[in-house]
Amino acid sequence: QVQLVESGGGLVQAGGSLRLSCAASGSIFSINAMGWYRQAPGKQRELVAAITSGGTTNYADSVQGRFTISRDNAKNTVYLQMNSLKPEDTAVYYCNADGVNYYTYDAEEYWGQGTQVTVSS
């Protein structure tokens with residue numbers, strides 16, 4: 001079984017910063033892309049940022065230049081540094097990973113439980 005454990009969410013004022021972390025553990029042979037999604041109340045879940053195992057990154061237009069995604073492959077951990085936060089960034093943030101199962105070698109997709117980020121104006 002694979003687990004993605006997120007941390008770092010919380011309440012911050014507009015203009016502030018937060019750093020999210022997500023560590024993957026369990027029956028993982030390898031992890032390819034990792035990323036962060038978010039879902040605000042009444043809205044669909046959307047991609048915030050993603051990073052491949054080789055370090056190629058992709059960002060939503062709404063966070064480009066404010067958020068930075070990075071990862072530590074040795075620790076199977078992905079980070080999201082969020083700067084210049086805005087009230088519209090308020091959402092539950094979910095960690096996502098595409099990996100290969102250690103025992104079956106099947107490609108699998110994993111999700112974290114979500115962490116709340118609230119930005120006050």
Side-chain angles (χ1 to χ4, degrees):
Q1 191 166 356
V2 174
Q3 283 187 318
L4 299 184
V5 179
E6 300 142 336
S7 61
L11 173 64
V12 65
Q13 288 188 331
S17 299
L18 284 174
R19 188 187 193 219
L20 305 183
S21 300
C22 171
S25 63
S27 307
I28 303 171
F29 177 75
S30 65
I31 293 181
N32 302 316
M34 300 186 80
W36 292 93
Y37 287 72
R38 67 186 180 187
Q39 188 167 20
K43 294 188 176 181
Q44 289 189 332
R45 190 173 297 189
E46 63 175 357
L47 175 67
V48 176
I51 184 168
T52 67
S53 56
T56 300
T57 58
N58 180 42
Y59 295 94
D61 289 343
S62 59
V63 306
Q64 183 76 44
R66 299 187 298 121
F67 291 9
T68 301
I69 190 170
S70 60
R71 65 188 284 175
D72 184 333
N73 289 332
K75 296 181 180 179
N76 286 336
T77 299
V78 63
Y79 307 96
L80 185 67
Q81 178 65 43
M82 305 184 292
N83 298 329
S84 303
L85 282 160
K86 304 175 181 180
E88 51 263 44
D89 294 317
T90 295
V92 177
Y93 284 69
Y94 296 91
C95 178
N96 173 269
D98 291 327
V100 177
N101 185 283
Y102 181 85
Y103 295 104
T104 67
Y105 296 106
D106 289 337
E108 296 178 340
E109 183 178 35
Y110 313 115
W111 288 94
Q113 80 283 359
T115 185
Q116 177 70 45
V117 171
T118 302
V119 184
S120 63
S121 58

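Residues: numbered from 1 along the sequence shown. Only a predicted model underlies this, so the values are computations on that prediction, with no experimental measurement involved.
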Sub-3.5 Å donor-acceptor pair from the side chain of [X] to the main-chain atoms of [Y], do we have one?
{"X": "Glu6", "Y": "Gln113", "answer": "yes"}
{"X": "Asn96", "Y": "Glu109", "answer": "no"}
{"X": "Thr104", "Y": "Asn101", "answer": "no"}
{"X": "Ser84", "Y": "Gly15", "answer": "no"}

[Y] and [X] side chains, donor-acceptor separation under 3.5 Å:
{"X": "Tyr110", "Y": "Glu108", "answer": "yes"}
{"X": "Gln64", "Y": "Ser62", "answer": "no"}
{"X": "Tyr93", "Y": "Arg38", "answer": "yes"}
{"X": "Asn83", "Y": "Ser17", "answer": "yes"}

Derivation of the ring pair (Phe, Tyr, Trp, His ring centres under 6.0 Å) call for Trp36 and Phe67:
CA-CA 11 Å; Trp36 292 93; Phe67 291 9; over 10 Å; no

Is the cationic atom of Arg19 (NZ for Lys, CZ for Arg) positioned less than 6.0 Å from the six-membered ring centroid of Tyr79 and within 45 degrees of its normal?
yes

Separation between OG1 of Thr115 and OH of Tyr94, rounded to the nearest 0.5 Å
10.0 Å

What distance separates Tyr59 OH from Leu80 CG, expressed to the nearest 0.5 Å?
7.5 Å

